[in-house]
Amino acid sequence: MAGKEPLLGTLKACVLGLQSVGTDPIQDDSPHITPLCDTIEMILRKGLKSGVLGLKRRDYWHWIEELPQHDTCGRLPHISVMIEKTLACPKTLTAQGRGRYFLRMALSRKALAATLQHLQHTHRLLEWYDPFFSVLGNEEHMEPFLSLLMVISQSTFNLDLQNSSFLDESWLLPVCATYQTVPCRELGMVLRYLEGRVFVIQVLPDSQTEVDEVVLAGDIIDEINGVSLRNAYNGQAGTVLSKLKGEPLIFQIIRWRWKDGEVFRPLIPYLKGVKERVPDFQLQQNPRSLENSQERPQQDGRLLYSALYLGQTDVGLFGGKEILDVGITKVRKQNRLPKAVLLDIKETEVAVNDKESSEVLFHYSYPEISSIGRRLDNRKVFALCAM
């Protein structure tokens, strides 16, 4: 009837796909997750009537949001918490985005079937669905739909709910990366704001960002130290950075390149808009310099930085940035044999490990570091002053 059977058949095929992976958790890179979510969404939208006089276009999120208001017996505490978390998410701005965020959370928490069961007993909201055209408004089709959702709840979903900045536009999720860097005067990222998103349009030569080899021109800054930049106003990234002056920085980056190597499709209209405003803008394919064309070493998900340890020296009690040049000069006069090391920039400290033995040579917490920087005449020489 009116296309309901094909949708339920498609959902059944999605369930069989989930069962084919056995007991392994379903993650975002699973080929089954996007078709599953898309099919459930189509069923939730099928036969959903408009609001009073047809003036308001309803989406399934609208009845989900109203469920607690019709719960007179206090039966929905877990669903109410999920609704509150969805409303608190700063990265979804539309009913579509919030509905999708809720669905992904409900899959992760095995709460989707329970949500639909509560709708089934909330007649005032169930009346939003046309009994002829919908699955949810027709008892004959609602029961098999609930049965399929119960089967789905037997699978374990391990979905990244933080990756939600494009749910307003698409079920496709971008590739994300974390960029951690030390406090510095200038990062060397040229930014452009477009429709509430913060694009990196250039990575300046010899800057800290270029040295770190994480961010590429075309990427989006999604968060800085937990502060979301979704729907950012012009200059917001600079405002956030000025408040974090002297603190270690953790950026959440949305890659312009998707996992198939091509441009992330929902980004295409944005990138066209950036190109119109900045004609010289080009997507950056790779960092300008790759370390011997080898993959960067990692530790617990953090990128490590290959370096040569030249030594250390006493510079007295004054630890301002002016003393760095003096310290570098004194160390270079020692003529010590350089040691290959890995620089590990953690959330609370900086550690230097022997590259060959992995022995920790020394480490300093950020409160112990009074200054950090590089030589102006040779930016490859890097130093820090610590107690």
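Worth knowing before you read on, the calculation uses all heavy atoms, side chains too, and leaves out hydrogens, waters and symmetry mates. Quick note: residue numbers are just sequence positions, from 1.
No donor-acceptor pair closer than 3.5 Å links the side chain of Glu41 to the backbone N or O of Cys37.
For residues 166-186, the ring pair (Phe, Tyr, Trp, His ring centres under 6.0 Å) pairs, not counting sequence neighbours, are Phe166-Phe264, Tyr179-Phe251. Every pair tested for side chain to side chain donor-acceptor pair (under 3.5 Å) that includes a residue from residues 146-161 fails, sequence neighbours excluded, so the list is empty.
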Set out, in order, the CA-CA distance, both residues' side-chain angles and the distance that settles side chain to side chain contact (heavy atoms under 4.5 Å, CB included) for Ile345 and Thr181, then state yes or no. CA-CA 7 Å; Ile345 301 173; Thr181 189; 5.5 Å; no

Would Glu368 and Ser365 satisfy side chain to side chain donor-acceptor pair (under 3.5 Å), going step by step from the backbone distance to the final call? CA-CA 5 Å; Glu368 293 177 307; Ser365 65; 3.2 Å; yes

Tell me, with the steps shown, if Arg45 and Gln96 meet side chain to side chain donor-acceptor pair (under 3.5 Å). CA-CA 11 Å; Arg45 284 178 171 163; Gln96 173 166 281; 2.9 Å; yes

Apply the test side chain to side chain contact (heavy atoms under 4.5 Å, CB included) to residues Gln285 and Arg257: give CA-CA distance (whole Å), side-chain angles for both, the deciding distance (0.1 Å), then the verdict. CA-CA 9 Å; Gln285 300 294 327; Arg257 183 187 284 118; 2.8 Å; yes

Checking Met105 against Lys85 for the side chain to side chain contact (heavy atoms under 4.5 Å, CB included) test, could you report, in this order, the C-alpha distance in whole Å, the side-chain angles of both residues, the deciding distance, and whether it holds? CA-CA 9 Å; Met105 189 190 307; Lys85 286 184 175 293; 3.8 Å; yes

The test is side chain to side chain donor-acceptor pair (under 3.5 Å); show your working for Gln334 and Gln312 and say whether it passes. CA-CA 9 Å; Gln334 295 173 358; Gln312 55 184 302; over 6 Å; no

Please assess Asn138 against Asp130 for the test side chain to side chain contact (heavy atoms under 4.5 Å, CB included), listing each intermediate value before the final yes or no. CA-CA 8 Å; Asn138 185 300; Asp130 188 296; over 6 Å; no

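The other residues sharing a hydrophobic cluster with Leu310 are Val331, where clustering joins ILVMFWY side chains under 4.5 Å apart.
The two atoms that bring Thr92 and Ser164 nearest to each other are CG2-O, 3.8 Å, heavy atoms only. Closest heavy-atom contact between Phe157 and Ile152: CE1-O, 3.6 Å.
By the ring pair (Phe, Tyr, Trp, His ring centres under 6.0 Å) test, Tyr60 pairs with no residue at all, sequence neighbours left out. Under the rule for a ring pair (Phe, Tyr, Trp, His ring centres under 6.0 Å), Tyr101 has no partner lying at least two apart in sequence or in another chain.
Just one residue in the list Arg100, Lys91, Arg197 forms a salt bridge (charged side-chain N to carboxylate O under 4.0 Å, His left out) with Glu169, and that residue is Arg197.
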Got a list of side-chain donor-acceptor pairs under 3.5 Å for residues 272-281, not counting sequence neighbours?
from	atom 1	to	atom 2	distance (Å)
Lys275	NZ	Pro279	O	2.8
Lys275	NZ	Phe281	O	2.8
Arg277	NH1	Gly273	O	2.9

